[in-house]
K.L.:
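Got a structure for you, written out below as structure tokens; questions coming shortly.
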Amino acid sequence: MARLEHNTMNSMADINLSYNEDYAKKWIGGLFRKLDTFFIQRGVILVLIGFLLGRALILSQLAPFAIPFFASVYLLQKNKAPYALVGLIAGAATLHVTNAAIIFAASIIFMMLYKIREPSIAQQYKIVPAYVFLSFGLTSFAMHYLVERKLLLYDGLMMGVEAGLAFILTLIFLQCIPLIFAPKRSRTLRTEEVVSLTILIASILTGTIGWSLYDLSFEHILSRYLVLIFALSAGAAIGSTVGVVTGLIFSLASVATLFQMSLLAFAGLLGGLLKEGRKIGTAAGLLVATVLIGLYGEGTANLSIAMYESLVAIGLFLLTPAVLLEKISKFIPGTTEFSNEQQKYMRKVRDVTSHRVAQFSNVFKALSDSFTQIDEWNKEVDEEKEFDYFLSNITGKTCQSCHKKDRCWVQNFHTTYEGMKELAAELSYNDRVVSTQTEREWKYCHRFPRVVDAISQELTFYQADQKLKKQVKESRKLVAEQLRGVSEVMDEFAKEIQKERKNHHMQEEQILEAITDFGLQLHSVEIYNLEKGSIDIDISLPYFKGGGECEKLIAPMLSDILGETIVVALEDIESQPGMCFANFRSTQKFVVTTGVAHAAKGGGLISGDSYSLMELGAGKYAMAISDGMGNGERAKMESSETLELLQKILLSGIDEKVAIKSINSILSLRTTDEIFSTLDLALIDLHDAKAKFLKVCSTPSFIKRGDRVFKIESSNLPIGFLDGVDVEVVSEQLKAEDLLIMMSDGILEGAKNVENVEFWMKRKIKDLKTDKPQEVADLILEEVIRTRGDISDDMTVVVAKIKHNTPRWSAIPVSSFRKKAQ
């Protein structure tokens, strides 16, 4: 009892701990969302960054940071550019009014150049830095000339260096601005992007040079804090890189801080190596680096100040939430967090690719089953049928001209039949020799020697034929086994295949920003495909108790951004509490509604006709009718297997002409019986309503468009008739409200006492008063049966109606410049 109480208490403690952790994560997540809304979405962060970059100097006189930052924001976040300009001017004004004037004038010139010739998406990363160089150089030259009234060589060189640095910094900042405004987006940060981001942050921190509190420099504290964050999040390599770049920027700003580069690089290296100890281990690396570099660089005079600065940086580092560090780690390749994020994407790609390969595996399996099934069918009927052919050849040479054939084959059929069978077996086993006993039993047949000679002769051909059929059967079995082996290999391959992701970072940022500006808070946007008609996008957002935001707001906005109708394909609210994961895909411009009516010959249960209606994916819809030769079960097997093979091959993505040729080859190889199938196939592209018709010895189809009726026909031999066949494809442009009517020969030829059945059918279709597919199919079948008076053949009619696909919600317009950068 005590143990039960103890276990219960432990379980309750675990539940409470899990609840507290979930509550803490939700609270921290809510805090980050509020901070994100205040600083990022409202542009406050741009004012702060602009203020510090406006104060940042190199060699105490060059200020190349401001205009590149404004130009980058203007290009990528035009609606927030005023916030950046206000911050830059305010920061520059704290140094000198002239600096503020230069920044303002250069910004105006830059915008004028941009408006005069706005660069295209492909050229903007090349043209904008040149605009920055020109605007900055012209402004500096004009301001210097107005103040000094002269221009020395030294002044010209410094202005050229300053404008050149602005040109380079523009290229760097253009890579960093998207990282500020899309921090939630899961993607890989390349080494160049990490360095660029570090240069931006170090440039921002340069604006704090000269700020101190109790002799503790802000720039030292913040730079060491930055190195600690990257060392723990990304490891020794990135940590030391951040330290070197930050120290280099500081040393350019002030030569007195040159030794800081060594301290920061060493701290990043040690902190990254000790990251297994988490925050304590990384902090210890900074303390060791501070002591060693402090003693080496400046001796013991300023060691205490350096230690205090490191301790303050460590304090800020310890107060940093682990969630923030985890988010940073997700962007850095090689970290555990990054691997976990990548696995989410890889799972989806693996599933899609595996499904695709599995479809090919099903094709090969179906082909293998086709060879196997026909052998099982023939096994039951071939033996008796072949002996009958064998016996008919013998009797044709002997008994047909005998005057006693009626007594043998009419009055004593079974006795004669069994006697012939036993005689053939004896001759086969005894090497064409007949025993005395058998001769006495056949003494009533005065042509017995001739019968024995005929059987011996036919046995030679029969046995050779049996040997050949056995070889063919073994070959079929071999092919079936090989096809099944290929199917198994592809099935295994489907479980292991991987696919590299195609990057759509810019489009993800634009979609995220456009929807966020509308007022919806999104967590992430993942684009898997942007091809026209095959768009595939995943979006995660907070769950708002089933308000229908995905269907009513996000899908209509995506429709406007991407220029085609987007719908919600999947919505998941159960995988993670408080979150909604939605998959958005393209929808087709047209939809197809169908109706089918069929009847078996004589009102029977088994029809030799088969039909199939299938969606092939990629916006294609297929309708097919196959008529097996004759009627009954065997005809049904031929037609249904033809359509089954067709469906599996088409679903695998193979071209329709290749699919029909493959089916023809299989059906012509697998059996020696003269049993063939017709095939009537229509493939409709739901994006533009274009239809392809492939008719293999099938009846014409009809298209009803208003009061007009068109006939679609072509001539091809039946499936399985020849080893090779050329398939004729007929194309037709369908329109909305068209009716497509396909039928088997039992329908078209069913009308009795009608000379021109095609003209009669067109008139009946034209006179129809309804456009509902099922009603049309029923009326046509009923009219044919009524006209003939009976069901003389298998009858099948398939009707499809083409309609515009009207979404439930209209597109919601968004900012035009979002669409420009798709």
Side-chain angles (χ1 to χ4, degrees), residues 46 49-50 53 56 58 62-82 84-85 88 102-103 105-142 156-157 159-182 185 187-203 245 249 502-514 527 530 561 815-822:
L46 292 177
I49 294 176
L53 287 178
I58 291 180
L62 302 181
F65 302 101
I67 303 304
F69 179 71
F70 172 77
S72 301
V73 175
Y74 185 84
L75 178 64
L76 301 174
Q77 300 284 330
K78 188 179 296 185
N79 58 329
K80 295 183 174 63
L85 184 58
L88 290 169
I102 290 176
I103 291 175
S107 301
I108 298 298
I109 295 176
F110 170 80
M111 289 187 288
M112 291 174 61
L113 292 174
Y114 191 90
K115 289 296 183 182
I116 291 172
R117 184 184 176 186
E118 184 174 347
S120 62
I121 297 299
Q123 298 293 325
Q124 61 186 7
Y125 286 91
K126 299 178 181 178
I127 302 299
V128 170
Y131 287 171
V132 170
F133 180 89
L134 289 175
S135 59
F136 201 90
L138 291 174
T139 305
S140 299
F141 175 84
L157 290 174
M159 284 187 289
V161 170
E162 191 174 21
L165 288 174
F167 180 94
I168 297 172
L169 288 171
T170 303
L171 295 172
I172 295 173
F173 289 173
L174 284 173
Q175 299 185 60
C176 302
I177 299 302
L179 304 179
I180 297 175
F181 287 91
R185 181 171 44 81
R187 55 162 290 187
T188 304
L189 281 182
R190 305 188 305 273
T191 304
E192 297 82 1
E193 292 178 322
V194 174
V195 174
S196 299
L197 184 61
T198 305
I199 292 175
L200 174 62
I201 298 175
S203 302
V245 174
I249 298 295
K502 184 178 180 181
N503 294 322
H504 298 286
H505 300 322
M506 181 178 293
Q507 292 86 347
E508 289 170 353
E509 293 164 4
Q510 291 160 351
I511 290 175
L512 182 64
E513 182 183 355
I527 297 177
L530 276 182
I561 293 172
S815 179
S816 60
F817 92 95
R818 303 275 189 267
K819 290 190 276 186
K820 181 183 70 173
Q822 290 181 27

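Heads up: numbering here begins at 1 and tracks the sequence.
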K.L.:
Kindly determine whether Leu46 and Phe69 satisfy side-chain contact (heavy atoms from CB on, under 4.5 Å), including the steps that lead there.
P.N.:
CA-CA 10 Å; Leu46 292 177; Phe69 179 71; 3.7 Å; yes
K.L.:
Measure the CD1-CG distance between Ile103 and Leu85 for me, rounded to the nearest 0.5 Å.
P.N.:
8.5 Å
K.L.:
Rounded to the nearest 0.5 Å, what separates atom CD1 in Ile201 from atom CD1 in Ile49?
P.N.:
9.0 Å
K.L.:
Run the side-chain contact (heavy atoms from CB on, under 4.5 Å) test against Ile168 and tell me which residues pass, sequence neighbours left out.
P.N.:
Ile172
K.L.:
As an exercise, state the distance from OG of Ser196 to CG of Leu169, rounded to the nearest 0.5 Å.
P.N.:
10.0 Å
K.L.:
Search all heavy atoms of Phe136 against all heavy atoms of Ala166 and return the closest pair with its distance.
P.N.:
CG-CB, 4.5 Å
K.L.:
Closer than 3.5 angstrom, by distance alone: can the side chain of Gln175 be matched with the main-chain N or O of Leu197 as a donor-acceptor pair?
P.N.:
no
K.L.:
Give the intermediate values and the outcome of side-chain contact (heavy atoms from CB on, under 4.5 Å) for residues Phe65 and Leu88.
P.N.:
CA-CA 9 Å; Phe65 302 101; Leu88 290 169; over 6 Å; no
K.L.:
Going by the rule side-chain contact (heavy atoms from CB on, under 4.5 Å), which residues pair with Ile109 if we only count those two or more places apart in sequence or in a different chain?
P.N.:
Leu113, Ser135, Thr139
K.L.:
Quick one: closest heavy-atom pair of Val73 and Ala81, and the distance?
P.N.:
CG1-CA, 3.7 Å
K.L.:
What distance do Phe110 atom CZ and Thr170 atom OG1 have between them, rounded to the nearest 0.5 Å?
P.N.:
8.0 Å
K.L.:
For Pro64 versus Glu162, what's the shortest heavy-atom pair and its separation?
P.N.:
CB-O, 3.7 Å
K.L.:
Just verifying a value: how many Å separate Leu75 CG and Ile127 CD1, rounded to the nearest 0.5 Å?
P.N.:
11.5 Å
K.L.:
How long is the span from the OG atom in Ser72 to the CD1 atom in Ile67, to the nearest 0.5 Å?
P.N.:
11.0 Å
K.L.:
With sequence neighbours left out, what residues match Phe133 under side-chain contact (heavy atoms from CB on, under 4.5 Å)?
P.N.:
Ala163, Phe167
